[in-house]
Amino acid sequence: MSVGQRPIGVFDSGVGGLSVLRAIHDRLPNEDVIFIADQAHVPYGPRPREEVREFAERITRYLLDRGAKLIVVACNTASAAALRALRETFPEVPFVGMEPAVKPAAERTRSGVVGVLATPATFQGELYASTVERFAQGVVVLQDTCPGLVGQIEKGDLEGKETRRILENALRPMLAQGMDRVVMGCTHYPFIIPLIKRIVGDDIEVVDPSLAIARQVERLLDQYDLRKVDGKAGRIRFMTTGAIEQLEKVLPILWEDSVGGVQVISYQ
Ligand code: DGL
């Protein structure tokens, strides 16, 4: 099999990575993808970084064993904990990771106040600190970890009472301080953008990095000459380390296209 025919590997702690997968699949519809939701361990956010790094390394090995030609760490938390180590451990593999989109938000803010929604582990990571330091000089950056929100989205609850309560707790104080841009610093959150917009109103820009990630995947495929060129529609394989219903139940809510099936896997 030529290298280009091999799949792209995409993983997250859970269903959040589907927001990134959506952008990749829309931009590169011919590419095959293996998507892994590590739902046996979701959420990653409150876990120690060493543990998340261990998960990320083991999932990467699993994907490479199945022929992955490029790996997308579709998780801000895992990127913060493991991206540097992954690049060191697997120097021949092209990786694309997430970084909270503080830069575009800080460049475009008019009020000088931006908000970021992400997990505790993402906020504690060096990647986040250096992004704020490099790109948000002179801008007030407000943060909230939205406790419980990842769990709501894992259940497919995108607009119920509890989901709304968590978001209002996070967003109202940010609005009161003049925020005009809010960054989706967790890949689960793009799924609740409609609800976020209902809370913050039309004047606040919601910054979702998924499209930029898809563009970066495309750039790397070209740079390493890894594109699949047979012109056939790409096939996506959905895998979970959790219970099959955990993914099967929410896929129809979060993934509009038909799904061939879900496979339960475990990595060593
Ligand atoms: N979707 C993830 C992120 O982007 C992780 C959420 C979690 O598992 O806590 O950070």
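Counting starts at 1 for both ligands and their atoms, in listed order.
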**Q** Before accepting this row, confirm whether a basic side-chain N of the pair Asp222/Arg227 lies closer than 4.0 Å to the acidic partner's carboxylate O.
**A** yes
**Q** Short question: side chain of Ser13, backbone of Val42 - any donor-acceptor pair under 3.5 Å?
**A** no
**Q** Under 4.0 Å between a side-chain nitrogen and a carboxylate oxygen: does that hold for Asp26 and Arg22?
**A** yes
**Q** Tell me whether Arg215 is salt-bridged to Glu218, with the criterion being a basic N under 4.0 Å from an acidic carboxylate O.
**A** no
**Q** Below 4.0 Å from any atom of ligand 1, which residues have a heavy atom? Give them in chain and number order, please.
**A** Asp12, Ser13, Val42, Pro43, Tyr44, Gly45, Cys75, Asn76, Thr77, Thr119, Val150, Cys186, Thr187, His188
**Q** By the ring pair (Phe, Tyr, Trp, His ring centres under 6.0 Å) test, which pairs, at least two apart or in different chains, include something from residues 60-109?
**A** none
**Q** Check Glu168 with Arg164, please: is the shortest side-chain N to carboxylate O separation under 4.0 Å?
**A** yes
